[in-house]
Amino acid sequence: MNRIKKTLDQDKKILSIYFTAGFPQLEDTVSVIKELELNGVDMIEIGLPFSDPLADGPTIQASSTQALVNGMTSSSLFEQLKDIREHVKIPLVIMGYFNPIFQFGVEAFCKKCQEIGIDGLIIPDLPVDVYHQKYQKIFESSGLYNILLITPQTSEERILYIDSVSKGFIYMVSSASTTGAKSGFGKIQTDYFQRISDMDLDNPQIVGFGISNEETFNMATQYNKGAIIGSAFIKVLENKGINGIGEFIKSIRPNN
Amino acid sequence: MNRIKKTLDQDKKILSIYFTAGFPQLEDTVSVIKELELNGVDMIEIGLPFSDPLADGPTIQASSTQALVNGMTSSSLFEQLKDIREHVKIPLVIMGYFNPIFQFGVEAFCKKCQEIGIDGLIIPDLPVDVYHQKYQKIFESSGLYNILLITPQTSEERILYIDSVSKGFIYMVSSASTTGAKSGFGKIQTDYFQRISDMDLDNPQIVGFGISNEETFNMATQYNKGAIIGSAFIKVLENKGINGIGEFIKSIRPNN
Amino acid sequence: MSYNVDKKGYYGEFGGAYIPEMLYPNVEELRKNYLQIMNDPSFVKEFDQLLKDYVGRPSPLYFAKRMSERYKTKIYLKREDLNHTGAHKVNNTIGQILMAQRLGKTRIIAETGAGQHGVATATVCALMGIECIVYMGEIDIARQAPNVARMKMLGAKVIPATSGSKTLKDATNEAIRDWINNPENTHYIIGSVVGPHPYPDMVARFQAVVSEEIQDQLNEKEGVTKPDFIVACVGGGSNAAGAFYHYLDDTEVGLIAVEAAGKGIHSGESAATSVLGKMGIIHGSKTLLMQTGDGQITEPYSISAGLDYPGVGPMHAHLYQSGRAEFISITDDEAMEAGLELCQLEGIIPAIETSHSLAIFKERKFSPDDIVVVNLSGRGDKDLDTYIKHFNL
Amino acid sequence: MSYNVDKKGYYGEFGGAYIPEMLYPNVEELRKNYLQIMNDPSFVKEFDQLLKDYVGRPSPLYFAKRMSERYKTKIYLKREDLNHTGAHKVNNTIGQILMAQRLGKTRIIAETGAGQHGVATATVCALMGIECIVYMGEIDIARQAPNVARMKMLGAKVIPATSGSKTLKDATNEAIRDWINNPENTHYIIGSVVGPHPYPDMVARFQAVVSEEIQDQLNEKEGVTKPDFIVACVGGGSNAAGAFYHYLDDTEVGLIAVEAAGKGIHSGESAATSVLGKMGIIHGSKTLLMQTGDGQITEPYSISAGLDYPGVGPMHAHLYQSGRAEFISITDDEAMEAGLELCQLEGIIPAIETSHSLAIFKERKFSPDDIVVVNLSGRGDKDLDTYIKHFNL
Ligand SMILES: Cc1ncc(COP(=O)(O)O)c(C=O)c1O
Ligand SMILES: Cc1ncc(COP(=O)(O)O)c(C=O)c1O
């Protein structure tokens, strides 16, 4: 059984952390993952860096650029992660733009993930219909969940379609923005969270974009299964390195 | 009887000097004239400076600009020259562009010249036909000769017309050029001099443009009644001032 | 076989809409409506009228006598340089601003490389009184200063793109980010036949006026509606798409696409996508793309800001892969020489982009009877500094 | 009463050929031949063909909707800015280069102020493969750098005029000096309706294509062949002459000539010849002229190099004196504002010369039904630096 499903089946709010592989240093990937699990994070999105991350804001973009300068590639990520399941139990998701995956070969990429024990992929620029028509079989035969995004602008009809194609959870983008763009939620967000919640979808939703601290985490997870922190965490890595992780995670869920 | 005619009736080659009134210093005009006569020059063209002397080369142009900066105007020239005939016997011609004369009023200008004892005018940009139709009567009633130009490109027919309208002499431009542009005469010039000479015009011709020293003076006057030196003389004034005049004039006609 | 787009937005294998979900509503709104809007008689009328009265169309088809004599073939120049704002780009921006109005958008964003598209966008925004933001790579801002000045005069806000190679690709990323952040009121006027479907097709249709006019003009001059060859430079490929459009499926007409070889195709400083690229995804479209083995997009190089793009539009990827068009790469130096040659033979200063097209006459022979139409995509006023420095004039 | 030239080369009292004898053969050769050559069908054909295929004529007559709304009258812009090289100047240089060829001339000289005429001359010389020398005031060389670069690209030799005010007047003096020195092989392409007869008439006839087109275009758009008013700026007066030409003797059409008032008509830094000038002789023509009481020609001033001339052509002197045309003076600041306004209302960056014409809508009221045609004599690319500095953009 896929670790994502197992984790989401638990009766708790999920804290998921995004970070960019190979950042701040090329060899930090595994250490960051271990430190995150150690501090009680429920799930991790490992960012495969890309030269042109057009859905990302400046923080994640800069971390990608640095990771590429450090020498991060799909192959070296797989190399770094090859023994990860000897140490880490929580679900691991790779988040990356489509082109590097396409160049690696979608099938080969999925097989590598399966070998290593990756549980899912988030490919923001692989639209649901292309996935559905061309790649779903490959994912499923590799036991990989494909995590799809919805936004406040996604129509009800399309949400239902995405829900039907999704496995694991739906990545619910909190507002119309690139990563790290806004912080704090207003009535527009809570209305949106409520609206999706009321749709009673097959897949649980985890909220991403704009979550940076205890307050926004609580607000988001009030309506949904969990939340993902990206830019705010990258800033921690940038400023304090791996040593800053424990304190940051505690600040999000102080009562854990 | 007009002094120009008297001078030209003499059986000698005429040396005429052009200089710009008010140059190098505003008050130099009369001194230059006196010094020229003293050194045996036969005729003088007094240049009335103009802001836009488009038939002149750099040397005369620069002297005009300087004279204007010095404050030279038509009125101040007349003022400077008002007693000139108490000192100077040789023919004096004013050479100037049409616009300052036009502004002064052609008739008033001519009357002033007559009062002072100026013998002729050279107005390079007053074409013969306009002169003929509009101004000849005024000139004649003031006893002023209008000196007209011909060039190597002037057609035979037109030369005859110009000759018929001219009084005193014809100003024979040595080559197609602005003042001071070329120096030295070649076969083209001598052929041209010969050709005009052969036309046996009513008016004698005096050559101007490109005469700078004994050699060119002799060459020019071999075919014609005389020659005018302009730029070369201005350079003398520029470099040596009034004191340089004697030596320069002697160098042109050493055997005088 | 058709070389035009299919119903799903693909040219052969290339095209599609590989966009993040955040862009879906925008792109989908456009996809659903663009053909209907473009075919609406009131749209057609307004578009045609503006092209005529404002842009100055038809642009002449000029027989270049002295160039033809030098290269012993019949060379016609399609004078897009005479359009208002100085390049073919405005054909598209006129179309898209009318589209944006009909979609109820009140804010326009655009990316620009050479600045021609930025100027053309700022222009139509001023014309319609609509807010305009243009993203432009920091390097391009420096090397195309006159166009930056023009955009400012026209009231547009120019925002530098400081990431990556700081050129067109990065400006495009920034524009897309802006669009993601402003999904409701903003229309993104893409400047070439790139981006997610329906952009490549929409832009090609707006530019198709070029080949439409060539047909008539050639008929008037030569009694035939088709040339033997059409030559156009390819950055993203919009001027080429426009010049090729009505001849795409007529294989009697040779299509020649000219790319920038920079300092040499294999010098590491090049933008010759057809030679150096592999299939991949850039800016929402599956196409040929210069990239590392690992799928990172390569930083391209060309002396000309408008060709300095690591991909080509999906139409061109397909034209290349299918062999329908001939692709030729021209170096910086060859292009500059050809630009100067046109100045001195025909009295026309071409954009450096265009100079690449003109350089092919030194590379490739044509026969004396061949009619070769070169799409003179733009004028070189924006490039004077570069020319002057290059030739030490 | 006719406002056109008479048989002797005069417009009323103005005009004629006040030239030194050295220029007589050149000017006379031209005078004797120009009408016959211009009326020769082969000349007409070649001229028209080049205007169409090379220059891009007809230039559109564009209804400026947003400007019309702002100023509550019907404003049409005659788009000479869309001509090849970016101004009306090329209409004349195309004509004169064909004239020079037919006169057997092998060397061309020209003067230029804004550089537009220099570029237009360099252009046609390149087109015909004829040597080209352009005289340009040192100050103008500095303030119109882009045009200097363009002339060099086109293979022309640009010689600085360093005397006097170092602007257009002095460049003209230098060109005339060159002509005096090269009477046989050289044709002097004067850039405006100035100089000795037949230049003003010849240039006006070449520019007359502007008003010829306006007649047809207005008829197409408004069902009338004449506007209520035509507005044009006057440096020497060629674009105004072209725009007025077919309406000169039709007094139902109001003619409005706009001059540069520089820093204020009576500031001592102005080029408002109609107000400040008196009759005089400049560059071979009797006309209105800014001069001292002593008949020295005054150094004019305008922010726009193309209006920075102390005279006007004799046609305009006559139009002013007879009251046939209304003369309005516009300051630097007013012009610059009007230029920016056009950018932001209509997406057109005008030459600063042209901006003077556009400024009249703040000065003078028109009624809502009036059809006002403004001759948009040129584009502002050459002036970007000046605009940017002026507005601190
Ligand atoms: C004059 C000119 N030609 C060509 C191009 C290249 O663009 P495209 O390939 O879309 O025609 C540009 C781009 O800015 C341009 O300005
Ligand atoms: C665009 C433009 N308009 C007007 C003028 C003024 O010249 P004219 O009065 O001869 O039209 C110039 C002169 O360079 C010019 O470039």
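As a basis for the values below, the full set of heavy atoms in this structure was taken, side chains included, without hydrogen atoms, waters or symmetry mates. Here is how names work: the chains are called A, B, and so on, in the same order as the sequence lines, proteins then strands, and each is numbered from 1.
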Check your understanding: With sequence neighbours excluded, what pairs up with Ala122(C) under the side chain to side chain contact (heavy atoms under 4.5 Å, CB included) test?
Key -> Cys132(C), Met151(C), Leu154(C), Ala156(C)

Check your understanding: Would you say the side-chain atoms of Glu111(C) and Tyr188(C) include a donor-acceptor pair closer than 3.5 Å?
Key -> yes

Practice item. Working to the nearest 0.5 Å, report the span between CG of Leu342(D) and CG of Leu358(D). Key: 5.0 Å

Practice item. State, to 0.1 Å, how close Pro227(C) and Leu218(C) come at their nearest heavy-atom pair, and which atoms those are. Key: N-CD2, 3.3 Å

Review point. Do you know which of Lys382(D), Lys152(D), Gln217(D), Met153(D) has the most heavy-atom pairs with chain C at a distance under 4.5 angstrom?
Key: Met153(D)

Exercise for review: Could you tell me which non-hydrogen atom of Phe63(D) sits nearest to which non-hydrogen atom of Ser68(D), and how far apart they are?
Suggested key: CE1-OG, 3.4 Å

Check your understanding: Is a side-chain N or O of Asn239(D) found less than 3.5 angstrom from the main chain of Ser377(D), in a donor-acceptor match?
Key -> no

Exercise for review: Identify which part of Val55(D) has an atom lying under 4.5 Å from any heavy atom of chain C, answering side chain, backbone, both or neither.
Suggested key: backbone

**Study point:** Smallest separation among heavy atoms of Val210(C) and Ala243(C), with atom names
**Key:** CG1-CA, 3.9 Å

Check your understanding: Based on non-hydrogen pairs under 4.5 Å, which of Leu50(C), Asp385(C), Thr123(C) is most in contact with chain D?
Key -> Thr123(C)

Check your understanding: By a 4.5 Å heavy-atom criterion (distance strictly below it), what part of Glu341(C) contacts chain D: side chain, backbone, both, or neither?
Key -> neither

Review point. Can you name the residues of residues 72-82 of chain C that have some heavy atom under 4.5 Å away from a heavy atom in chain D?
Key: Arg79(C), Asp81(C), Leu82(C)

**Study point:** N-O pairing of Glu46(C) and Lys65(D) below 4.0 Å
**Key:** no

Review point. Heavy-atom distance under 4.5 Å between the side chains of Val209(D) and Leu51(D), does that happen here?
Key: yes

**Study point:** Side chain, backbone, both or neither of Gln49(C) within contact of chain D (heavy atoms, under 4.5 Å)
**Key:** side chain

Check your understanding: Quick one: does Glu212(C)'s side chain get under 4.5 Å of Asp216(C)'s, heavy atoms only?
Key -> no

Check your understanding: Tell me, do Gln96(D) and Val124(D) make a side-chain contact under 4.5 Å, heavy atoms counted?
Key -> no

Review point. Quick one: which residues of residues 140-150 of chain D reach chain C at under 4.5 angstrom, heavy atoms only?
Key: Pro146(D), Ala149(D), Arg150(D)

Practice item. Give the member of Ile388(D), Val119(D), Ile349(D), Leu340(D) that has the highest number of heavy-atom pairs under 4.5 Å with chain C. Key: Ile349(D)

Study note, to complete from the structure: Okay, Leu384(C) and chain D: the region with an atom under 4.5 Å from a heavy atom over there is side chain

Practice item. Side chain from CB out, backbone as N, CA, C, O: work out which of these in Ile348(C) comes under 4.5 Å of a heavy atom of chain D, or both, or neither. Key: both

Practice item. Take Gln116(C) and Thr112(C) through the side chain to side chain contact (heavy atoms under 4.5 Å, CB included) test and state the conclusion after the steps. Key: CA-CA 7 Å; Gln116(C) 287 303 122; Thr112(C) 196; 5.6 Å; no

Practice item. Using heavy atoms and a sub-4.5 Å threshold, report which of residues 88-95 of chain C line up against chain D, by residue number. Key: none

Point to revise | Thr354(D) side chain to Gly378(D) backbone, donor-acceptor under 3.5 Å | key: yes

**Study point:** side chain to side chain contact (heavy atoms under 4.5 Å, CB included) between Leu376(D) and Tyr62(D), intermediate numbers included
**Key:** CA-CA 10 Å; Leu376(D) 204 76; Tyr62(D) 165 67; over 6 Å; no

Exercise for review: Check step by step if side chain to side chain contact (heavy atoms under 4.5 Å, CB included) holds for Phe206(D) and Met99(D).
Suggested key: CA-CA 11 Å; Phe206(D) 286 138; Met99(D) 181 69 66; 4.1 Å; yes

Exercise for review: Give the minimum heavy-atom separation between Glu353(D) and Ser304(D), together with the two atoms involved.
Suggested key: CG-OG, 3.4 Å

**Study point:** Which atoms of Arg57(C) approach chain D - backbone, side chain, both or neither, heavy atom under 4.5 Å
**Key:** neither

Point to revise | Closest non-hydrogen atom pair, Pro350(D) against Cys343(D) | key: CD-SG, 4.1 Å

Practice item. Please determine, among Gly155(C), Gly86(C), Ala126(C), the option with the most heavy-atom pairs under 4.5 Å with chain D. Key: Ala126(C)

Review point. Which region of Lys221(C), side chain (C-beta onward) or backbone (N, CA, C, O), has a non-hydrogen atom less than 4.5 Å from a non-hydrogen atom of chain D, or is it both or neither?
Key: side chain

Review point. Does Tyr54(C) reach the main-chain N or O of Glu346(D) with its side chain, forming a donor-acceptor pair under 3.5 Å?
Key: yes

